[in-house]
Amino acid sequence: MSKSPKTFRPRARVPKGLRDLSAGMVRAELRMLARIREVYERYGFDPLETSAIEYADALGKFLPDEDRPNEGVFSFQDDDEQWLSLRYDLTAPLARYVAENYDGLPKPFRRYQTGSVWRNEKPGPGRFRQFTQFDADTVAAPGVAADAEMCMMGADCLEALGIPRGDYRIRVNNRKVLDGLLETIGLGGDANELTRATVLRSIDKFDKLGRKGVELLLGAGRKDESGDFTKGAGLSPSQITAVADYVESGLGEGATTRRLVLESWRKIVGASAIGAEGLDELAEMDALFEAAGYGLDRIEFNSWIVRGLGYYTGPVFESDLLFEVKDDAGNPVRFGSVGSGGRYDGLVERFKGVKVPATGFSIGVSRLQAALELLGKLDLEAVAAPVVVLTLDAARMADYQQMVSELREVGIRAEMYLGGSGMKAQMKYADKRGAPVAVIEGEDERATGEITLKDLILGSEMSKEIADNTAWREGQPAQVSVPRARLVEEVKAILARHGLHSGFHRG
RNA sequence: GCAGCCGUAGCUCAGCUGGUUAGAGCGCUAGAUUGUGGAUCUAGAGGUCCCCCGUUCGAUCCGGGGCGGCUGUACCA
């Protein structure tokens, strides 16, 4: 056996957690972005685009370490050996931007930004290593009116995206309330920092695990279905009860208004100074929500919303979808929140050394899109396919070019067939593209100065009735012969019959 | 990160208690049906049976490791 040298063939595959978006998905995302942008603009935010790559130290806590330089964030070294990172959110770059341009910016500074962010972690349903976020932030606004605005704007965005009121909820809490709770049960002070983190993470899981599960996590720990054990916070029984009571205090019959929720929380954490401050802030937000007409069906106060431990310092909020989403196999899919935010008064301080109060909200566009797709609420066909001009005679390409140009000039999406196959294949191509009309000019037509227009949408319906192939072909259904000069008008007429405007937008 | 299940054509899968040319349906390409999307018929393309190492005369099948996918859990700025 002679060994022919093997040519290296790379496997054609997209890296894990990353994906290619087809036309329908790209357009769906663009439409979502346009709707969100409209809301953000209406609230007075201005666009800002920062770079996708930052110096690693500017992004904060995820400095590449020796063992795992890519943990969480994608990083690499520049020529000058400085570490660069792909941004993992849009907030950290904003903080860098604000710090860098602080003196020249109007304050408060309000900006929105959308783009891809990258996280090097395990992908899951609706969770990718590259995804799109759409952020709005207000920097140098100390009062909670800025936070309240974020919550209302988040609600407006979800509704603008077609999610009915009642199918989502903006859930609001305040880190100061949680701090007050921890203080109340004797977990204040530096010595208890790790325990506090564990307690907060446990509270965050109430939605998933219920009171029982949270109690286990607060105590000795919990073993999950796979047998994996999660170490608990090791609290005493009375501490556990206090925390669990707090988590459940906002629920149930009594909590018919946000004010009542605050009253029940006040009994538990009101004695703590920080807790009382948090409650006062929420009360102020409630007044603003009420003034703007945002009731409990849109925004609620929620005891188990914690959010990331890293940098939130005041009100925190997230938007959750309330309906059940099922995958192709019919199994319920647990999506995380589709948007979140909160107050981060310390982020710019990292650069400037002075506290700059800020708050922001970020919509997880990719995750929301994945949820809507599973729901079948994503319109993937919203753009009509182009009119296809068949190219039956290689010597007459100029004629075909002229036809597409005429159509394009009046705003109709059109293309001539650029492949190398015969008429049947060209028709199949037009069909597969979803083209509404095929324009045919072959020998026969040219002899009479006419062209044939085939209504492919009508033809597709008629083809359901076909019994005999020969008869169908000879009948030449759904097509008309018109003078070459009337190309544009006749194509327009067919498009109009199907409710297509200029062949571009459907419906 | 941890645990469980899984990995054969573009897709859905079959197959072999380890033995020569690995199959089906759908899809794809081309041809036939006088220049036409469906149907039918004919032909064709397409596979390192995820990768590497080991056991064996011989591995798609057995063992180990890796990679990838799914599910749960952890993390989530």
Side-chain angles (χ1 to χ4, degrees), chain A residues 6-9 11-17 59-62 68 71-73 85 87-93 95 117 119-125 127 133 197-198 201-202 204-205 208-209 213 217 221-231 306-312 318 327-329 331-334 336-337 340-342 344 347 360 362 364 367 388 390 392-393 419-435 438 440-445 452 454-479:
Chain A
K6 274 191 180 171
T7 35
F8 171 69
R9 291 246 168 73
R11 286 253 293 282
R13 54 186 186 144
V14 69
K16 72 166 174 178
L59 287 185
K61 63 187 209 181
F62 284 100
R68 302 194 288 185
E71 184 66 13
V73 56
S85 296
R87 64 185 176 206
Y88 55 79
D89 71 6
L90 296 171
T91 309
V117 302
R119 294 185 188 180
N120 191 8
E121 55 191 21
K122 186 190 144 187
R127 186 169 164 161
Q133 288 196 327
T198 307
R201 275 196 285 266
S202 307
D204 194 42
K205 296 204 170 45
K208 215 176 199 175
L209 304 179
L217 285 173
R222 175 179 176 273
K223 191 180 282 189
D224 67 47
E225 299 146 46
S226 73
D228 208 21
F229 184 74
T230 308
K231 195 170 180 297
V306 176
R307 302 306 308 164
L309 273 31
Y311 63 59
Y312 291 120
E318 67 178 46
D327 65 15
D328 297 337
N331 303 314
V333 177
R334 182 174 284 281
S337 65
S340 66
Y344 51 95
L347 263 199
S362 177
R367 185 181 285 187
V388 172
L390 270 48
L392 298 175
D393 184 347
S421 300
M423 181 167 187
K424 185 175 176 105
Q426 298 196 26
M427 287 303 296
K428 279 185 148 183
Y429 171 78
D431 185 45
K432 186 167 265 183
R433 293 281 271 122
I440 304 166
E441 187 196 45
E443 259 181 88
D444 300 352
E445 285 84 359
T452 297
K454 182 140 189 156
D455 181 338
L456 296 176
I457 296 171
L458 177 60
S460 163
E461 281 162 25
M462 294 175 69
S463 75
K464 291 171 191 156
E465 314 289 318
I466 304 168
D468 174 63
N469 185 46
T470 317
W472 181 51
R473 288 177 138 198
E474 283 176 358
Q476 299 192 327
Q479 66 186 57

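Computed from a predicted structure; not experimentally measured. Here is how names work: the chains are called A, B, and so on, in the same order as the sequence lines, proteins then strands, and each is numbered from 1.
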Spacing of Arg307(A) atom CZ relative to C75(B) atom P, expressed in whole Å: 13 Å
C1'-based separation of C52(B) from G15(B) [nearest Å]: 25 Å
All side chain to side chain contact (heavy atoms under 4.5 Å, CB included) counterparts of Tyr344(A), not counting sequence neighbours: Thr91(A), Leu94(A), Asp137(A), Tyr311(A), Leu347(A), Ala358(A)
List, with names and distances, any nitrogen or oxygen atoms from the protein found under 3.5 Å away from nitrogen or oxygen atoms belonging to nucleotides 42-46 of chain B.
none

Between N or O atoms, less than 3.5 Å apart, protein on one side and nucleotides 34-36 of chain B on the other: list the pairs.
residue: G35(B); atom: N7; partner: Asp444(A); partner atom: OD2; Å: 3.0
residue: G35(B); atom: O6; partner: Asp444(A); partner atom: N; Å: 2.5
residue: G35(B); atom: O6; partner: Asp444(A); partner atom: OD1; Å: 2.7
residue: G35(B); atom: O6; partner: Asp444(A); partner atom: OD2; Å: 2.4
residue: G35(B); atom: O6; partner: Glu445(A); partner atom: OE1; Å: 3.3
residue: G35(B); atom: N1; partner: Glu445(A); partner atom: OE1; Å: 2.7
residue: G35(B); atom: N1; partner: Glu445(A); partner atom: OE2; Å: 3.2
residue: G35(B); atom: N2; partner: Glu445(A); partner atom: OE2; Å: 3.2
residue: U36(B); atom: OP2; partner: Arg473(A); partner atom: NH1; Å: 3.3
residue: U36(B); atom: O5'; partner: Arg473(A); partner atom: NH2; Å: 3.3
residue: U36(B); atom: O2; partner: Lys454(A); partner atom: NZ; Å: 3.0
residue: U36(B); atom: O2; partner: Gln479(A); partner atom: OE1; Å: 3.3
residue: U36(B); atom: N3; partner: Gln479(A); partner atom: OE1; Å: 2.9
residue: U36(B); atom: N3; partner: Gln479(A); partner atom: NE2; Å: 3.2
residue: U36(B); atom: O4; partner: Gln476(A); partner atom: NE2; Å: 2.8
residue: U36(B); atom: O4; partner: Gln479(A); partner atom: NE2; Å: 2.7

Distance (rounded to the nearest 0.5 Å) between Arg119(A) CZ and Arg87(A) CZ: 12.0 Å
Closest to side chain of Ser421(A), choosing from A30(B), C75(B), G37(B): A30(B)
Closest to the Ala425(A) side chain, choosing from C28(B), A77(B), A30(B): A30(B)
Aromatic-base stack, Tyr88(A) on A77(B), cutoff 5.5 Å, angle under 30: yes
Just the atom pairs and distances: protein N or O near nucleotides 7-11 of chain B's N or O, under 3.5 Å.
none

Donor-acceptor pair present, Lys208(A) side chain and U73(B) base, under 3.5 Å: no
C1' spacing across the pair A24(B) / G63(B), given as an integer number of angstrom: 32 Å
Interatomic distance at C1', G37(B) relative to C70(B), whole Å: 38 Å
Ile440(A) vs Met423(A), side-chain contact (heavy atoms from CB on, under 4.5 Å): CA-CA, chis, key distance, verdict: CA-CA 9 Å; Ile440(A) 304 166; Met423(A) 181 167 187; 4.0 Å; yes
Nearest-angstrom distance from the residue atom CG of Leu217(A) to C1' of A74(B): 11 Å
Below 4.0 Å: OP1/OP2 of C75(B) and any side-chain N or O of Arg201(A): yes
Touch class at under 4.0 angstrom, heavy-atom based, for Gly17(A) against every strand present: sugar-phosphate
Residues that Asp89(A) engages under salt bridge (Lys or Arg N to Asp or Glu O under 4.0 Å), provided they are two or more places apart: none
d(OH, Tyr312(A); P, A77(B)) in whole Å: 6 Å
Rounded distance in Å between the P positions of A39(B) and G27(B): 7 Å
Stem regions touching RNA chain B, defined by at least 3 consecutive Watson-Crick or wobble G-U pairs below 3.5 angstrom: B:1-7 with B:67-73, B:10-13 with B:23-26, B:28-32 with B:40-44, B:50-54 with B:62-66
Partner residues of Arg201(A) under the salt bridge (Lys or Arg N to Asp or Glu O under 4.0 Å) criterion, sequence neighbours left out: none
Test side chain to side chain contact (heavy atoms under 4.5 Å, CB included) applied to Gln426(A) - qualifying residues, sequence neighbours left out: Leu390(A), Thr391(A), Leu392(A), Tyr417(A)
Between C62(B) and G10(B) - P atom distance, rounded Å: 23 Å
U36(B) and A30(B), which share atom name P, separated by this distance in whole Å: 15 Å
d(NZ, Lys231(A); C1', A74(B)) in whole Å: 15 Å
Rounded distance in Å - CG (Asn120(A)) to C1' (C75(B)): 13 Å
Evaluation steps, side-chain contact (heavy atoms from CB on, under 4.5 Å), between Leu456(A) and Asp431(A): CA-CA 7 Å; Leu456(A) 296 176; Asp431(A) 185 45; 5.8 Å; no
Those residues that, when tested against Ser202(A), pass side-chain hydrogen bond (donor to acceptor under 3.5 Å, both in side chains) (two or more places apart): none
Gap in Å between the two P atoms, one belonging to U48(B) and one to C61(B), rounded: 16 Å
Value rounded to 0.5 Å, distance of CD in Glu318(A) from OG in Ser362(A): 12.5 Å
Spacing between Arg222(A) atom CZ and U73(B) atom P, to the nearest angstrom: 7 Å
Glu121(A): side-chain hydrogen bond (donor to acceptor under 3.5 Å, both in side chains) partners, not counting sequence neighbours: Arg127(A)
Side chain Tyr88(A), main chain Leu59(A), donor-acceptor under 3.5 Å: yes
Non-neighbouring partners of Ala425(A) that pass side chain to side chain contact (heavy atoms under 4.5 Å, CB included), sequence neighbours left out: Ser421(A)
Donor-acceptor contact below 3.5 Å, side chain Arg222(A) vs main chain Leu217(A): no
Sugar-phosphate, base or nothing in reach of Asp455(A), heavy atoms under 4.0 Å: base
Under 3.5 Å donor-acceptor, Arg307(A) side chain and Gly342(A) backbone: no
Separation of the C1' atoms in G72(B) and G58(B), to the nearest angstrom: 41 Å
N/O donor-acceptor pair, side chain Lys122(A) with base G68(B), under 3.5 angstrom: no
Residues which pass side chain to side chain contact (heavy atoms under 4.5 Å, CB included) with Asp393(A), listed by chain and number, not counting sequence neighbours: Ala395(A), Arg396(A), Tyr400(A), Arg446(A)
Atom pair distance, as rounded to whole Å: NZ in Lys16(A) and P in C70(B): 10 Å
Arg119(A) side chain, from C-beta outward: closest of U73(B), A77(B), C75(B): A77(B)
Check: Glu445(A) side chain, Gly442(A) main-chain N or O, donor-acceptor pair, under 3.5 Å: yes
Atom-to-atom span, NZ of Lys428(A) to P of G37(B) - whole angstrom: 8 Å
